[in-house]
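First comes the structure, then the notes that go with it.
Values reported hereafter were calculated over all heavy atoms of this structure, with side chains retained and with hydrogens, waters and symmetry mates removed. A, B, ... follow the sequence lines: proteins, then strands. Residue 1 opens every chain.
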Amino acid sequence: MSANSTANAPAFVAKTKGGRITDFVDQRVGGSGMLREFGRKVFPDHWSFMFGEVALYSFVILLLSGTFLTFFFDPSMAETHYDGSYTPLKNVEMSVAFSSSLNISFDVRGGLFMRQVHHWAALLFVASLGVHMLRVFFTGAFRKPREMNWVVGGVLLILAMAEGFTGYSLPDDLLSGNGLRIIDGVIKSIPVIGTYISFFLFGGEFPGTVIIGRLYMLHILLVPALILLMIVLHLFMVVVHKHTQYPGPGRNDGNVVGYPLGPVYAAKAGGFFFIVFGVVALMAAFFTINPIWNYGPYDPSPVSAGTQPDWYIGFVDGALRLMPGVISDFHFEYIIFGQVLTLNVLLPALVPAGIIFTVLFMYPWIERWITKDDREHHVLDRPRNAPTRTAIGVAGFTWYCVMWAAAGSDLIATHFHVSLNDVTYWLRALFFIGPIIAFVVTKRVALALQRKDREIALHGRETGRIVRLPHGEFIEVHAPLDDYKRYKLVGFESPVPLPAVPNEHGIVTRKEKRRAALSQWFFEDRVAPASPAELEAAHGHHGQHEAVESAEAQKTLSH
Amino acid sequence: MKALSQKRRHPLAAIALLLMGLLLTGGLYAVATTVNEAKASTTSFSANDAEEGGKLFAANCATCHGMGASGTQDGPSLVGVGAAAVDFQVGTGRMPMQMNGPQAYKKPAQFNDEQTHQLSAYVASLGPGPSIPEEHLLDAQGNAAEGGELFRVNCAMCHNAAAAGGALTRGKFAPALADVSEKHIYEAMATGPQNMPVFNDANVSPEGKRDIITFLKQIEANGSPGGADLGAIGPVSEGLFVWIAGLGVIIAFTIWLTSRTS
Amino acid sequence: MGNHSDGSPSHSGTVATAGQNEVEKFQDPGLPPHRLRLADTDPKAAKRAERQVAILFGSSIVGTLIFLVAYFAIDLGPGSTIATIRLQNALLGIGTAFAMLGIGTGIVHWAKALMPDHEVSEERHPIRTEEDRQAAVRIVDDIVEETGIKRRPLIRNTLLGAVALAPLPALAVFGDLGPRPDDKLAHTMWAPQEGKLKRLTRDPDGTPIKASDVTIGSAFHVIPEGLNELHEGKLNEKAKAVVLLMRLNPESLKPSAGREDWSYNGIVAYSKICTHVGCPVALYEQQTHHLLCPCHQSTFDLTQECKVIFGPASRPLPQLPIAVDAEGYLVATSDFKEPVGPSYWERDEHERKFNS
């Protein structure tokens, strides 16, 4: 499309058809200002910047396939006898919701495909949200001025989990029914009001006859509307802030380097929607997801081995599995003032998720308080250049993964031929020591990588060629870096620990001392970037080698 | 391994070896020709069968199960377990057990059909127990839907709703049921091998068992309507798949998309 | 290795101290020079890229056709089997995948190979200007001043009170989402009706069970007599009443005081609903006498009256007292003596009521 239809002079005639259409619209609604602003807006290009788009596109796919499914799905829990074409369930008593889900799968052409597209896209939606948040965390993109957008992203993650869980329950099959029952059990453990919440949610006792209808309304109306609202907010802030960029030559906090929206970036981003859709379609074509016909209709008596929630709820289920109910003679369920406090359910259901989301939401402010860094950041940190932050992130992710793995403890046991109980014991131990090990190892790896960068910046890249000097010494030839590549390795900040400073009354408060201690911990082992003086010194010191190197380089060129 | 070396020095080991050698040479031919006959004659035992079975038992099983199958510390008494139990345990290769462990594993059968038949005859002669099921109960022509309901109530909690198997306590597990013969499924229900509960005819009627077999064979033959079933173990494999394959392919695309063309 | 690869912090000064931070930094060399692509210089390469893009778009057309053929030509009528559905699903998926990937990869390839690939640098502008900020602050001040809210605390306070209370009706209006719990969770269908004891019947067909049917090693999945005839709230009752019936060697049961007559000849009945969060605890290991919950692996020992021996549950499974009636059928002599299923806040109150 032509972007030069912005002039308002009546004599203006656009050159292309696209331009004329733009002009037509502009004369009626006046969008030229916007097009002028966005038409050539610059977006940096990096593969790790695409996960947000994956999430957005998965959401679009979810809206499209979900709309199709609503035309055929009936959320009623009335009793019926199945008379569709799947013979292993012929005449079985079930709810209308389950029966209509089976009809979508077996009697509506393309219905099974749409169900599978919808479910795979849902798993991909939450997974890409998670990876996107990890990318934002590890590159420090949440720093000022983007803290609020980080929070909006966190809210989106919670909403996505809620949307996923309400959808998972809709077919009223045995697996999701038992999932709901677990939720009911967790709700009942809430002190004072738990029983009431349970009765209000299910319209009486579990399972009742209203829950599917209520979840359906949440799933197709309320939660998606909130998600849409949050997406709009999120994208609005992306536009306000412009995108972040990785450090490199020519890139600084005052500019943004990349491709203009039209045509290159728009083409890539637009084409990427079709690619994501294509990948989801491939998964739906060849891989069964949520085979409700295997699980059968919900009935409170049966249960299937391997009853798990979808992956994004897995960490809560895993925490429930890891918690021991009794330690020697101490029962975690105990009576207090004549009422029951069910800590063996409450603690694992609320505490890990609570810690994860609290730290996640607070982290930008925690780091800002420790580092007292109030500047705007538009250039990202490479994860190795913020070793403590990277280590915190990996420790947190490890903790999450331990709980996540625990949700599959029975399958780990059967597939690796180990004892179910042993798997649980190991994971209980890892729950406590896993994050610590992860923190230490990650921090050391990050520092080692920083030293490696320094090494390369100062001495060049190892070529693998060994040369014997006239006096018999063997050295490896290093090829020097060009300025651009070197800048990538040295162009980062390395803040020093910030000692405690007195406040306006001249007193160093205890809080300030704590902050200083944390600042010390945050920056203590860091590696400073190589400086020009050091490069000079390195070259001077290794003058002889340099000579050999340049001679070698000459030789290589003349080959 | 200790158990095996002990067995090797057992006084009956020589006899066992001799018998096995004899039976193997003759057995090969017998296997090739008498498969159908053996099937047809599963329910009737001759006195000769029981006698031959007794010899096999003394040579191969008595170490653990005791002479006369009265049981020892290493193995339970087999009096009254019935022919079905022997046919299942020996026919699926679970017995003789390779080593003591939480559970006997399925492995290639150590005895041919005739020997299994003889062993069954011998154990059946020790006391009444579940017999080898009638052919008409194994035709997988019952009501799959009713079988499915029975399966979900009685079996799915251990064997998984799609019969993909599941974990039990302390290293034990309920195996997957694909590729298990109709006869062995029936016998397992009737006799309750190892930690599996017994589903006697008063609990699940012979017709009900036939329905369960019908259901299992039907879902096995159907396969998964939506494509590969990813092990039919539910959301865990689906989640792994989307993280590894789904995101993997998408990351490959993003790298291509943001790379510069040469 | 070269002898200059010794990067130990001690002599390379890798770990900077506070004073060293002010060392000069490398200058930003600016954007690297633009590198031309093959298609920029070689018209043949450009032509080739053009053809490739066209082929990709063409494959998308083929994909759409595959989808349409698969949709209209494959019949899911009465004669169809699971294999038909699988085939149609696969073809619809392949069609969609080709249609989408063709367009997507085509556009991206076009953008990468043929559209201008000069990286552009754009200035970032401050999110707000100081001028705007001052003007905005003045406006807000003026607005607050004109309302006079600071001078009229009565208005302010009553407004705050009104706004704080206004959402309450919005909460209260949801009061009819469900009934009050009362003590519904404490009772099950097993309670004798008009003096008639409920028989134990098989799940799912509801036929009664004779004590002699339950041989050692058996596990029966049990529902109360009359459950299948219920129409209202059948699943609600089933969700509380399901029971697992097993027979052990009577010697291995060591009933505690008060429970001596709750079993019959080694036959015991326990609630199938886990005391953790309510999954059916249905995995019975007949040799170890352990019951395992498949959801969170709580393990209960039948020989110790279903005491928790592993996993997250904290309380034993409730036992159903059983006996045999005149015709030899198993019956429940009373309801459970405690509420079944997961714990809840009022549970202990309910249990005390049972015992008083």
Which one wins on heavy-atom pair count under 4.5 Å against chain C: [options]?
options: A:N178, A:I275, A:D299; value: A:I275
options: A:A530, A:P249, A:G185; value: A:P249
options: A:G203, A:G258, A:G204, A:P191; value: A:G258
options: A:K188, A:Q450, A:Q339, A:K268; value: A:Q339
options: A:I336, A:V264, A:T307; value: A:V264
options: A:D45, A:V240, A:V345, A:N421; value: A:N421

When you measure from the side chain of [X] to the backbone of [Y], do you find a donor-acceptor pair of N or O atoms at a distance under 3.5 Å?
X: A:S105; Y: A:L112; value: no
X: A:R454; Y: A:L489; value: no
X: C:H350; Y: C:D183; value: no
X: C:K240; Y: C:H187; value: yes
X: C:N228; Y: C:P204; value: yes

Heavy-atom pair count under 4.5 Å with chain A, highest-scoring of [options]:
options: C:V242, C:V281, C:V120; value: C:V120
options: C:G102, C:S121, C:P280; value: C:P280
options: C:S314, C:G311, C:G178; value: C:S314
options: C:D117, C:L114, C:L283; value: C:D117
options: C:K238, C:R180, C:K112; value: C:K238
options: C:H109, C:R347, C:E349, C:E351; value: C:E349

What part of [X] is in contact with chain C, defined as an atom under 4.5 angstrom from a non-hydrogen atom: side chain, backbone, both or neither?
X: A:I182; value: both
X: A:P263; value: both
X: A:D253; value: backbone
X: A:S301; value: both
X: A:E93; value: side chain
X: A:V490; value: side chain
X: A:P302; value: backbone
X: A:R251; value: both
X: A:E376; value: side chain

Please look at [X] and chain A and tell me whether the side chain, the backbone, both or neither of the residue comes under 4.5 angstrom of a heavy atom of that chain.
X: C:I273; result: side chain
X: C:F174; result: backbone
X: C:A313; result: backbone
X: C:N236; result: both
X: C:Q297; result: side chain
X: C:L91; result: neither

| field | Residue pairs passing the side-chain hydrogen bond (donor to acceptor under 3.5 Å, both in side chains) test where at least one lies in residues 84-103 of chain C, sequence neighbours excluded | value | C:T81-C:T84

| query | Are A:H478 and A:H459 close enough, and set up right, to give a ring pair (Phe, Tyr, Trp, His ring centres under 6.0 Å), and what steps lead you there? | reply | CA-CA 7 Å; A:H478 281 57; A:H459 303 297; 7.0 Å; no

| query | Between the side chains of A:Q308 and A:D410, is a donor N or O closer than 3.5 angstrom to an acceptor N or O? | reply | yes

| task | Would you please test A:K242 and A:H378 for side chain to side chain donor-acceptor pair (under 3.5 Å) and show each step? | result | CA-CA 9 Å; A:K242 296 199 172 88; A:H378 300 290; over 6 Å; no

Could you tell me how the ring of [X] sits relative to the ring of [Y]: parallel (under 30°), tilted (30 to 60°) or perpendicular (over 60°)?
X: A:F106; Y: A:Y86; result: parallel
X: C:F67; Y: C:Y71; result: parallel
X: C:H118; Y: C:H34; result: parallel

| message | How about C:C295 and C:C279 - are their SG atoms less than 2.5 Å from one another? | response | yes

| said: Using a strict threshold of under 4.0 Å (side-chain N to carboxylate O), is an ion pair present between C:K234 and A:E79? | reply: no

| task | Decide, yes or no, whether a salt bridge links A:E205 with C:K184 under the criterion of side-chain N to carboxylate O below 4.0 Å. | result | no

For residues 193-201 of chain A, which side-chain N or O atoms pair as donor and acceptor with protein atoms under 3.5 Å away, sequence neighbours left out?
from	atom 1	to	atom 2	distance (Å)
A:T195	OG1	C:E346	OE1	2.6
A:T195	OG1	C:E346	OE2	3.3
A:S198	OG	A:D184	OD1	2.6

